[in-house]
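Structure record follows, encoded as C-alpha cells.
Residue numbers begin at 1 in each chain, while the letters A, B, ... track the order of the sequences. In what follows, every heavy atom counts, from backbone to side chain, and hydrogens, waters and symmetry copies are set aside.
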Protein chains: 2
Amino acid sequence: MTKPSWKVKPVAEKGARDLRQRAEEYLEALRKRGCRRTEQRRLIIETLLESEGEHLNARELMERVQSKDPTIGFATVYRTLIVLGETGLVHSFDQGEGFARFDIPDQAMHFHILCRSCGKMEHLADETAKEKIIEGWVKEAGYEMVPQTFQVFGLCSDCRDKVETAPDVSPEVTCCGRRRRGWTR
Amino acid sequence: MTKPSWKVKPVAEKGARDLRQRAEEYLEALRKRGCRRTEQRRLIIETLLESEGEHLNARELMERVQSKDPTIGFATVYRTLIVLGETGLVHSFDQGEGFARFDIPDQAMHFHILCRSCGKMEHLADETAKEKIIEGWVKEAGYEMVPQTFQVFGLCSDCRDKVETAPDVSPEVTCCGRRRRGWTR
DNA sequence: GTGCGTGCAAATAGTTTGCAGATTG
DNA sequence: CAATCTGCAAACTATTTGCACGCAC
C-alpha cells in the first residue's frame, strides 16, 4: 500500500556489495545440503534478492536472469527454485493465476489478501503480529513453522459494489483490469 | 481427525432427498447468475455434496460423476467447477500438488495445515474461532469475507525429527510416503 | 427459435525430465 | 575423477478452447 507503483526495482548502487554478500549466504546454505556452488545459481539468487517483494513468476525471473546471462535456460531456473524451496530459502505460491510466483523472504513472512473477483493483491497490515498468531496455530497442531506467504481471499470494495449492483457480471469482466484463470485457487 | 479413514462415503439413505434438495439450491444460485439448469450440473453438484470434506481433484470428481453418467466429460466438469467457483459455491486450492482440489464448504471455513516435507494434511482445531480472527483481518483490509480454505505450511513432528538427524534428505524421500511435486506452493 | 451448455478432440501453458557434455569439489 | 549441474529439447499433465450439435428457456 505504501508501494508507489509496482515493478519498482530498487537496485541501490550501495546495495550491490550487500547483494553479492547475501547471495553467498544462500549459496552456503545450499552447500550445506550438498548442492554445488555454481555461477548460474549465484545469478539466480542475486536476481531473486534484487526483486524482493515483486513476486516474480518463473518466466519473469528467467527473463531477468537471461538479461545478465542469456545462456541460462528454463530448466536451470526451475531446478534452482526447487532446491531453494526445499531448503526453505524461497517460498512459492499461487495467486489464483494457475502458476507459481516466488518470494525470497527477508525475515518476515508476508500476508496477502486477494480479491477473488478481480485478482487484486494487497498486503495485510501488521504482518508480524499476524504471523505470531498463525505461528501459535501451527505449534498448537504440533508442527514447526516454516517460512511462507499466507493468502486469504475476499472481495475488494470495488468488486463488492459491482456484485451488489450487478450480480451477474460476465466472467470476463474484472473490476481491476486483471485477467483471471478459470477459478481462484 | 475424527474421520475413521479417508474415502468414507456417507451416502446415508435418509440423506438422499436432502442431497437432491441441496443440489437444487445450488442450481438455483447458478440460475440467478444467468446459468441454465442442466442435468449434468445437477449430477456434478450432487457428487460434490456427497464427497464433502474429501477434497477431490478434477479427475477424481469426474470419475465419480462418470460412474453415474459415463457420457459426461472433463470439459463439463471443469466448466461447472468454474461457474460454481465464481458464484462462491465451491472453493478450490492447491495442496502443493500442482493441481487444484475442490471443496464445497457447508458453512464453516476450513483450516489446513500441510507438512512441507511429506505433504501430509490435517485440519487445525477450533476452525470456527480461527475463522473469526481471519474474518477480522479481512474486514480490516476493507474486503468482504468469502468462503475458502485457509492453508498453512509447517513441518510435522515426524519430518522435523528426520530433518534434525539428517538435514540433507534426498528430495525423493518423504516421511509419510506421499509424493511431492517440485515445490510446495 | 435463440443461445447457452455439452462432448469431443485438439490446443495451451506451466513445469519436469532425459541426455550428453561442462563444471565443481 | 566422480558426482553434480547445465542447456536443450522433448515429454508430461492439468486445464482450456474451438466446434458442431443438443437442450433449456
Please give, in whole Å, the distance from [N] [atom2] to [X] [atom1]?
| X | N | atom1 | atom2 | value |
| --- | --- | --- | --- | --- |
| I72(A) | dC8(D) | CD1 | P | 10 Å |
| R42(A) | dT4(D) | CZ | P | 23 Å |
| L43(A) | dC5(D) | CG | C1' | 15 Å |
| D94(A) | dT15(D) | CG | P | 10 Å |
| F99(B) | dT16(C) | CZ | P | 13 Å |
| L27(B) | dA24(D) | CG | C1' | 13 Å |
| F102(A) | dT15(C) | CZ | C1' | 9 Å |
| F93(A) | dG14(C) | CZ | C1' | 16 Å |

Examine the base of dA14(D) for any acceptor or donor lying under 3.5 Å from a partner atom in the side chain of R59(B), and report the outcome as yes or no. no

Among F99(B), F102(B), F93(B), find the one that has a ring pair (Phe, Tyr, Trp, His ring centres under 6.0 Å) with H55(B). F93(B)

Picking from [options], which would you name as closest to the side chain of [X]?
| X | options | value |
| --- | --- | --- |
| A75(A) | dC8(D), dT6(D), dG7(C) | dC8(D) |
| Y78(B) | dA14(D), dT15(C), dT6(C) | dA14(D) |
| Q40(B) | dG14(C), dG7(D), dG7(C) | dG7(C) |
| T38(B) | dT4(D), dT6(C), dC25(D) | dT6(C) |

Select from E39(A) and N57(B) the residue whose nearest nucleotide in DNA chain D is closer to the 5' end of that strand.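 On the 5' side of the pair lies E39(A).
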
Which residue lies more 5' along DNA chain C, comparing P70(B) with R36(B) via nearest heavy atoms: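 The 5'-side residue here is R36(B).
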
Please give me the minimum heavy-atom distance between T38(A) and L27(A), naming the atom from each residue.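 Between these two residues, the closest heavy atoms are O-CD2, 4.5 Å.
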
If the threshold is 4.0 Å, N to carboxylate O, is there a salt bridge linking K130(A) and E127(A)? no

So, R101(B) and E60(B), do they make that salt bridge, N to O below 4.0 Å?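 Salt bridge present between R101(B) and E60(B).
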
Among E28(A), E24(A), E25(A), which one satisfies salt bridge (Lys or Arg N to Asp or Glu O under 4.0 Å) with R37(A)? E24(A)

Give R79(A) one of three labels, base, sugar-phosphate or nothing, depending on what nucleic acid heavy atoms sit under 4.0 Å from its own. base

